[in-house]
**Q** 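I'd like to ask some things about the structure below.
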Amino acid sequence: MQVSPSLLAADFVNLAKDIDMINRSDADMLHLDVMDGIFVPNISFGFPVMDAVAKICSKPLDVHLMIMNPERWVSQVRDLGAGIMNFHQEACVHMYSLVQDIHKVGMKAAVTLCPSTPVSVLKDIIEELDMVLLMSVEPGFGGQKFISHTLAKIAELRKLIYASGSRALIEIDGGVNAETAPMLAKSGADVLVAGSYVFNAKDPVATIADLKKL
Ligand code: DX5
Ligand code: ZN
């Protein structure tokens, strides 16, 4: 299992300490949640903070844009040195062009779906994607309860990926913890995002290592 801890649950007063923990851990990526207060009812952090984080983080950045008009921000995300840019299907009309633009500047492209958006909206773009991020909570806040319908969506997405020959990985975001992570692994998730479960743990490095073993 790949693990992408979400910085949203980190201690913002001591970010350097938490990034150091991530660097020492087995985490595959660092998940950065960008919110605009319009697409989601919350505002998190933006490019000045992510620039600072990028300077000291040795893991690839997994940037999750919960913002309207994600196509405006491709070059800024690239300038962070990010490995992957996730944008929401619900916030983008011209997904095909945006995926091409993300690839053109050397990043991987991922489309994110809210819990109520069906997997079928990806049918005609799945072959172009490196990853699909299924939200297992409504986007906007950490620490919410896992929506169990996500398990059925993983199975459906896996079928679509196989049928199309797509290379896309399946990433899950929201409510990942000791109880839900094994179910997600069994259902076929490739990457787990975990915020509060990792950063509120007594031993975050060990918690990441446990998720990796799934
Ligand atoms: C929510 C974010 C998540 C969030 C997950 O909108 O996309 O990445 O940090 O938090 P937990 O793991 O606490 O549910
Ligand atoms: Zn996220």
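Heavy-atom basis, side chains included; hydrogens, waters and symmetry copies ignored.
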**Q** One pair to check against side chain to side chain contact (heavy atoms under 4.5 Å, CB included): R24 and M21. What are the steps and the verdict?
**A** CA-CA 5 Å; R24 285 185 288 108; M21 178 279 288; 3.9 Å; yes
**Q** Taking F141's backbone N and O only, do any of them form a donor-acceptor pair with N42's side chain (distance below 3.5 Å, no angle check)?
**A** no
**Q** How close do S6 and V193 get, counting heavy atoms only, and between which atoms?
**A** CB-CG1, 3.8 Å
**Q** Would you call D190 and R158 a salt bridge, using N to O less than 4.0 angstrom?
**A** yes
**Q** CG of L184 to OG1 of T150: how many Å apart, nearest 0.5 Å?
**A** 7.5 Å
**Q** Report the relative orientation of the aromatic rings in F39 and H88; use parallel for angles under 30°, tilted for 30 to 60°, perpendicular for over 60°.
**A** tilted
**Q** So, are K17 and D20 salt-bridged, with charged N and O less than 4.0 Å apart?
**A** no
**Q** Can you give me the closest heavy-atom contact between E128 and R167, atom names plus distance?
**A** O-NH2, 3.5 Å
**Q** As an exercise, state the distance from CD of E71 to CE of M95, rounded to the nearest 0.5 Å.
**A** 12.0 Å
**Q** Working to the nearest 0.5 Å, report the span between CD1 of I19 and NZ of K55.
**A** 12.5 Å
**Q** Cluster question for you: counting only ILVMFWY and a side-chain heavy-atom cut-off of under 4.5 Å, with indirect links fine, are M29 and V53 together?
**A** no
**Q** With side chains defined as the heavy atoms from C-beta onward, is the minimum distance between F146 and L151 less than 4.5 Å?
**A** yes
**Q** Can you confirm whether V49 sits close enough to L32 that some side-chain heavy atom of one is under 4.5 Å from a side-chain heavy atom of the other?
**A** no
**Q** According to the interplanar angle, ranging from 0 to 90°, do the rings of H64 and H31 count as parallel (below 30°), tilted (30 to 60°) or perpendicular (above 60°)?
**A** tilted
**Q** Short question: side chain of K108, backbone of G83 - any donor-acceptor pair under 3.5 Å?
**A** no
**Q** Which is it for V99 and I125 under the side chain to side chain contact (heavy atoms under 4.5 Å, CB included) test, yes or no, and what are the steps along the way?
**A** CA-CA 9 Å; V99 166; I125 188 123; 4.2 Å; yes
**Q** Between F47 and I84, is there shared hydrophobic-cluster membership here, with clusters defined by ILVMFWY side-chain heavy atoms closer than 4.5 Å?
**A** no
**Q** How far apart are the C-alpha atoms of Q89 and T112, what are their side-chain angles, what is the distance that settles it, and do they pass the side-chain hydrogen bond (donor to acceptor under 3.5 Å, both in side chains) test?
**A** CA-CA 6 Å; Q89 182 271 340; T112 308; over 6 Å; no
**Q** Working to the nearest 0.5 Å, report the span between CG of D51 and CD of Q76.
**A** 10.0 Å
**Q** Given 3.5 Å as the limit, does a donor-acceptor pair link the side chain of S164 with the main chain of I126, or not?
**A** no
**Q** Which is it for V63 and N86 under the side chain to side chain contact (heavy atoms under 4.5 Å, CB included) test, yes or no, and what are the steps along the way?
**A** CA-CA 6 Å; V63 178; N86 291 276; 5.7 Å; no
**Q** Is there a side-chain contact between K212 and M1 in this structure, where contact means two heavy atoms from C-beta onward sitting under 4.5 Å apart?
**A** no
**Q** For M107 and V74, run side chain to side chain contact (heavy atoms under 4.5 Å, CB included): C-alpha distance rounded to whole Å, both residues' side-chain angles, the deciding distance at 0.1 Å, then the answer.
**A** CA-CA 9 Å; M107 290 187 290; V74 176; 4.2 Å; yes
**Q** Is a side-chain donor or acceptor of K153 paired with a backbone partner of P115 at a separation under 3.5 angstrom?
**A** yes
**Q** Is it possible for you to say whether I56 and L61 belong to one hydrophobic cluster, with membership spreading through side-chain heavy-atom contacts below 4.5 Å?
**A** yes
**Q** Do the non-hydrogen side-chain atoms of L157 and L134 ever get within less than 4.5 Å of each other?
**A** yes
**Q** Would you check if the side chain of S136 reaches a backbone N or O of G174 as a donor-acceptor pair within less than 3.5 Å?
**A** yes
**Q** Could you pull out the closest heavy-atom pair between L30 and C57, with the gap in Å?
**A** CD2-SG, 3.8 Å
**Q** Of the non-hydrogen atoms in M131 and E171, which two are nearest, and what is the gap between them?
**A** CE-OE1, 2.7 Å
**Q** Keeping T207 on the side-chain end and D203 on the backbone end, is there a donor-acceptor pair under 3.5 Å?
**A** yes
**Q** In the structure I gave you, are the side-chain heavy atoms of D33 and D173 within less than 4.5 Å of one another anywhere?
**A** yes
**Q** Measure from the side-chain N and O atoms of E127 to the backbone N and O of D124, and report whether any donor-acceptor pair falls under 3.5 Å.
**A** no
**Q** Please indicate whether Y96 has more than 12 foreign heavy atoms, meaning atoms of other residues, nucleotides or ligands, lying under 6.0 Å from its OH.
**A** no
**Q** Can you tell me how far OG of S44 sits from CD1 of I67, rounded to the nearest 0.5 angstrom?
**A** 10.0 Å
**Q** State whether a side-chain donor-acceptor pair under 3.5 Å links N14 with D11.
**A** yes
**Q** What is the minimum heavy-atom distance between V132 and A168, and which atoms define it?
**A** CG2-CB, 4.4 Å
**Q** Using the rule that two of Ile, Leu, Val, Met, Phe, Trp, Tyr join whenever any of their side-chain heavy atoms come within less than 4.5 Å, decide whether M66 and V137 are in one cluster.
**A** no
**Q** For I22 and K59, work out which heavy atoms get closest and say how close.
**A** O-CE, 3.2 Å
**Q** Would you say V191 and I170 make side-chain contact, with heavy atoms under 4.5 Å?
**A** no
**Q** If we ignore hydrogens and angles and just use 3.5 Å, is the side chain of D62 paired with the main-chain N or O of A82 as donor and acceptor?
**A** no
**Q** Quick one: are M68 and D36 in side-chain contact, heavy atoms under 4.5 Å?
**A** yes
**Q** Is any side-chain heavy atom of F45 less than 4.5 Å from a side-chain heavy atom of M35?
**A** no
**Q** In terms of hydrophobic clusters joined by side-chain contacts under 4.5 Å, are V205 and L211 together?
**A** yes
**Q** What distance separates F199 CZ from Y197 OH, expressed to the nearest 0.5 Å?
**A** 14.0 Å
**Q** Show your working on side-chain hydrogen bond (donor to acceptor under 3.5 Å, both in side chains) between N177 and T180 and close with a plain yes or no.
**A** CA-CA 5 Å; N177 57 34; T180 57; 3.2 Å; yes
